[in-house]
Amino acid sequence: MDSKAAKQEVIPSPYGRLDPNKDEIRLVDICPGSFSDPIELDIHVVDLSDLPKYSALSYAWNPKQPETGYHVSLGRASFKTTPNFCLHIGKNLDSAIRHLRHPARVERMWIDAICIDQNNVSERNRQVQLMGKIYSSAQDVVIWLGPSERDSDVIMNCIATKKVEESQIWWFQRVWVAQELTLARNDPLMRCGHKSVSWL
């Protein structure tokens, strides 16, 4: 065996085992920081039957590369408990975290790409079955529409005044999964860049 490979450090994973006999999920703490700071996270295992307090994020995953079939990962995040473990995240999620991150306090959220071990197929399947309960148990559901664009303020104003025109509906269909909107226990918060409006 190559002596280099033998001495290579094994980087611990932040993903401990979830009990399949319970409604266990992971929640992620987004550590405080400014927009341009590196993304630092902390992760916790909770049981939904204990009624944990958290917000659930709904967003569009990055499109897959047609040549490879893989999602493009342009962002990265580190974990406080396992600082050598680097998680690659998509550009849209990177943007969402940077916009939602508070400069002075921790934001506790459920985010599928981070809270589910994407390399564990059995865990992924089990967590998908819990998805309805995850969104309906959240204190808040945040619908991330993406960073501000040329016409985004017009769209957000239409949502706020409940005057969404039929010609604008395609914009919504492009950026969210409608199921997560309907599962929200409370009025979902629509977020585009730094602008927020309630849905109902």
Student: Is there a side-chain contact between Asp29 and Leu41 in this structure, where contact means two heavy atoms from C-beta onward sitting under 4.5 Å apart?
Tutor: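 No. Closest side-chain heavy atoms not under 4.5 Å.
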Student: Looking at every heavy atom in both Val45 and Arg26, which two are closest together, and how far apart are they?
Tutor: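 Answer, listing the atom of Val45 first, then Arg26: CG2-CG, 4.1 Å.
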Student: Looking only at atom types and distance, does a side-chain atom of Tyr135 sit under 3.5 Å from a main-chain N or O of Leu57, one as donor and one as acceptor?
Tutor: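 Yes: the side chain of Tyr135 pairs with the backbone of Leu57.
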Student: Do the side chains of Ile89 and Ile97 get nearer than 4.5 Å, heavy atoms only?
Tutor: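 Heavy-atom side-chain distance check passes, below 4.5 Å.
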Student: Go through it in stages, so that I can follow the logic: the residues are Asp42 and Phe79, the test is side chain to side chain contact (heavy atoms under 4.5 Å, CB included), and I'd like the CA-CA distance, side-chain angles, deciding distance and then a yes or no.
Tutor: CA-CA 5 Å; Asp42 203 0; Phe79 292 87; over 6 Å; no
Student: Would you say Arg126's side chain and Val121's backbone share a donor-acceptor pair under 3.5 angstrom?
Tutor: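 Not at all, since once roles are kept as given, no pair shorter than 3.5 Å links the two residues.
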Student: Just by modelled atom types, is the Ile143 backbone N or O under 3.5 Å from a matching donor or acceptor in the Arg191 side chain?
Tutor: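 No.
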Student: Counting distance only, does the side-chain N/O of Asn125 pair as donor-acceptor with the main-chain N or O of Ser122 below 3.5 Å?
Tutor: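 Side chain of Asn125 to backbone of Ser122: no pair is present.
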Student: Determine whether the side chains of Asp37 and Ser34 contain a donor N or O and an acceptor N or O closer than 3.5 Å.
Tutor: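 Yes, because at least one side-chain N or O of Asp37 sits under 3.5 Å from a partner of the opposite role on Ser34.
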Student: Verify the cluster assignment for Ile43 and Ile39: are they in a single hydrophobic cluster under the rule of side-chain heavy atoms below 4.5 Å apart?
Tutor: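 Shared cluster, yes.
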Student: Start with the C-alpha gap between Gln118 and Glu123, add the side-chain angles, then the distance that decides, and say whether side chain to side chain contact (heavy atoms under 4.5 Å, CB included) holds.
Tutor: CA-CA 8 Å; Gln118 300 299 323; Glu123 179 183 305; over 6 Å; no
Student: Could you pull out all residues at least two apart from Arg101 that satisfy side-chain hydrogen bond (donor to acceptor under 3.5 Å, both in side chains)?
Tutor: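 Expected list: none.
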Student: Does the side chain of Cys86 reach to within under 4.5 Å of the side chain of His88, using non-hydrogen atoms?
Tutor: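 They are in side-chain contact.
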Student: Please find the pair of heavy atoms, one from Ile114 and one from Tyr15, that lie closest to each other, and give the distance.
Tutor: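 Closest approach of Ile114 to Tyr15, heavy atoms only: O-OH, 2.6 Å.
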Student: Keeping the roles fixed (side chain from Gln127, backbone from Ile116), state whether a donor-acceptor pair exists under 3.5 Å.
Tutor: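 The answer is no, because no donor-acceptor pair under 3.5 Å joins these two groups.
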Student: Which distance, rounded to the nearest 0.5 Å, do you find between the OG1 of Thr82 and the CG of Leu87?
Tutor: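 One gets 9.5 Å once the value is rounded to the nearest 0.5 Å.
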Student: Which atoms form the tightest heavy-atom contact between Cys115 and Met109, and what is the distance?
Tutor: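 Taking every non-hydrogen atom into account, SG-O, 4.0 Å.
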Student: Check whether any side-chain heavy atom of Pro103 lies under 4.5 Å from a side-chain heavy atom of Pro32, and answer yes or no.
Tutor: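 No. Closest side-chain heavy atoms not under 4.5 Å.
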Student: Any sub-3.5 Å donor-acceptor pair from Tyr54's side-chain atoms to Ile134's backbone N or O?
Tutor: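 Yes; judged by distance alone, with no hydrogens or angles, the pair exists.
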Student: Would you find a donor on one side and an acceptor on the other, under 3.5 Å apart, between the side chain of Ser136 and the backbone of Gly132?
Tutor: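 Here the side-chain-to-backbone pair exists.
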Student: Indicate if Val141 and Met156 have the same hydrophobic cluster label, given that clusters are the connected sets of ILVMFWY residues with side-chain heavy-atom separations under 4.5 angstrom.
Tutor: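 Yes, same cluster.
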Student: Side chains of Asp23 and Ser49, heavy atoms from C-beta outward: is any pair under 4.5 Å?
Tutor: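 Asp23 does not reach Ser49 side chain to side chain.
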Student: Decide yes or no on side chain to side chain contact (heavy atoms under 4.5 Å, CB included) for Trp110 and Ser55, but give the supporting numbers first.
Tutor: CA-CA 6 Å; Trp110 183 85; Ser55 298; over 6 Å; no
Student: Please find the pair of heavy atoms, one from Leu189 and one from Ser196, that lie closest to each other, and give the distance.
Tutor: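 What the structure gives for the nearest pair is CD1-CB, 3.9 Å.
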Student: Is a salt bridge present between Asp47 and Lys22, judged by a nitrogen-to-oxygen distance below 4.0 Å?
Tutor: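 Here Asp47 does not pair with Lys22 in a salt bridge, since their nearest N and O are not under 4.0 Å apart.
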Student: Please tell me if the side chains of Leu93 and Ile111 come closer than 4.5 Å, counting only heavy atoms from C-beta onward.
Tutor: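 Yes, their side chains come closer than 4.5 Å.
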Student: Does some side-chain heavy atom of Lys133 sit less than 4.5 Å from a side-chain heavy atom of Ile25?
Tutor: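 Side chain of Ile25 against side chain of Lys133, heavy atoms only: no contact under 4.5 Å found.
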Student: Any side-chain heavy-atom pair from Ile30 and Val106 closer than 4.5 angstrom?
Tutor: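 With C-beta onward as the side chain, the pair stays apart.
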Student: Would the distance check show the side chain of Arg98 and the main-chain N or O of Phe35 forming a donor-acceptor pair, the cut-off being under 3.5 Å?
Tutor: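 Indeed, once roles are kept as given, a pair shorter than 3.5 Å links the two residues.
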Student: In terms of side-chain geometry, is the basic nitrogen of Arg17 or Glu24 positioned less than 4.0 Å from the acidic oxygen of its partner?
Tutor: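 Salt bridge flag = no for Glu24 with Arg17.
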Student: Between the main-chain N or O of Gln139 and the side-chain N or O of Asn186, is there a donor-acceptor pair closer than 3.5 Å?
Tutor: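 Yes, because the side chain of Asn186 sits within donor-acceptor range (under 3.5 Å) of the backbone of Gln139.
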Student: Does the side chain to side chain contact (heavy atoms under 4.5 Å, CB included) test come out yes or no for Asn157 and Lys195, once each step is laid out?
Tutor: CA-CA 10 Å; Asn157 289 335; Lys195 190 177 181 69; 3.6 Å; yes
Student: Between Asp112 and Arg124, does any NZ, NE, NH1 or NH2 come within less than 4.0 Å of an OD or OE carboxylate oxygen?
Tutor: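 A salt bridge is absent here (no side-chain N lies under 4.0 Å from a carboxylate O).
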Student: Under 30°, 30 to 60°, or over 60°: which ring-plane class applies to Trp144 and His99, parallel, tilted or perpendicular?
Tutor: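 Plane angle between 30° and 60°, so tilted.
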